[in-house]
Number of protein chains: 2
Amino acid sequence: MKKTVLVFAALIFSILLLFRLGEYSLITGNVTIEIIMAVVAFVFFGIGVVLNKNSLQQKKEIQPQPKVDFNKIEELEITNREYEVLQAVAKGLSNKEIAEKLFLSESTIKTHVSSLLLKLNAKRRTQAVQIAKELHIL
Amino acid sequence: MKKTVLVFAALIFSILLLFRLGEYSLITGNVTIEIIMAVVAFVFFGIGVVLNKNSLQQKKEIQPQPKVDFNKIEELEITNREYEVLQAVAKGLSNKEIAEKLFLSESTIKTHVSSLLLKLNAKRRTQAVQIAKELHIL
DNA sequence: AGCGATTTGGTACTTTAGTATGAGGCTTAA
DNA sequence: TTAAGCCTCATACTAAAGTACCAAATCGCT
């Protein structure tokens, strides 16, 4: 944060300097208006590139994972509980482990898993996970 | 491609126009040098931002998937056949289906899968897939 | 209050998955 | 030519996973 402030302060100072230098050079007749404008243009072009690059890179790091498509979940009529179970399945948990995690019986998990397999049109839980990822549900 | 050429042609034309306009305004005394330079700076800043954004967005789309870490595979002593099986498991295939795909017996697949579970320190194939993805093996 | 969907759970059974162990064939390096 | 890996396959289990069917409790909504 401190760094950002310092950089911006230096930047603004440099810009003012550039302006003043431009005017001074023009008055004394050392350089033409074209060159001044070209320098200004080039410098600001560079500033635009650099600033934009940094902000975009930040976005890249913050949000690298594709988001979940909740519409698809509704479309497939997957209920809340089923989705919770699906997430647990994707983590590689067994039915028994999922049951313990959600404080349910293993029977209940089996019911939910079977339901999920139907809705995702899968034959096995591994396939269900794969399909779910393709559909951006996970 | 045609579009790009046209855009650049228009851009260059606009820039020249801006320069001439700046000089003309200065000579006739309508505006001051500060305003001209400010306009030039602003325009080029914008150009820098836009151009950079487009080029970065392209990169984003071209390379969104993380690559496979082959070193990790060797590190875990996963053999070629085992890796083939792992890939098939990740696709959600059953042992029998994998056997048919690779022209092997189901027994062989079971052997490979068991070996994979050991090497990946997993208890189930679903967990193996999850771990493999975490390690960037898949 | 009652309907419909969800959630939960059970039993009984079939199918896959996974373990343990052994063994033969093949390739490669010592 | 052994030894070490790897790949293949088999048998015999045990453990999960999955199916089919049923049923009670709950919750949201009208």
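First the proteins, then the strands, lettered A, B, ... as listed; each starts at 1.
The interatomic distance linking A:Glu100 (CD) with D:dA16 (P) rounds to 11 Å, in whole Å. Going from atom CD of B:Glu82 over to atom C1' of D:dT8 covers 13 Å, rounded to whole Å. Taking atom CG of residue A:Leu120 and atom C1' of nucleotide D:dG18, one finds them 15 Å apart after rounding to whole Å. In this structure, the CG atom of A:Leu116 is 14 Å from the P atom of D:dA17, given to the nearest Å. Summarising the geometry, the separation between CD on B:Glu77 and C1' on D:dC7 is reported as 16 Å, rounded to the nearest angstrom.
A donor-acceptor pair under 3.5 Å is formed between the side chain of B:Glu82 and the backbone N or O of B:Thr79. One N or O on the side chain of B:Gln127 and one on the backbone of B:Lys123 form a donor-acceptor pair closer than 3.5 Å.
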Encode nucleotides 8-23 of chain C as B, S and - characters from 5' to 3', where the letter depends on protein heavy atoms closer than 4.0 Å: B to the base, S only to sugar-phosphate, - to neither.
BBBB-----BBB----

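With salt bridges taken as basic N to acidic carboxylate O contacts below 4.0 Å, one links A:Glu97 and B:Arg124. Ion pairing of B:Glu77 with B:Lys119 is absent here, as no side-chain N (NZ or NE/NH1/NH2) approaches a carboxylate O to less than 4.0 Å.
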Restricting both atoms to N or O, compile the protein contacts to nucleotides 27-30 of chain C shorter than 3.5 Å, with distance only.
none

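Considering every non-hydrogen atom in both A:Leu104 and A:Ile109, the closest pair reads CD1-CD1, 4.1 Å. For the residue pair A:Leu120 and A:Leu76, the shortest heavy atom distance occurs at CD2-CD1, 3.9 Å. The shortest non-hydrogen separation linking B:Val68 to B:Tyr83 is CG1-OH, 3.8 Å.
In summary, the side chains of B:Thr108 and B:Thr111 do not present any donor paired with an acceptor at a separation below 3.5 Å, with no hydrogens or angles considered.
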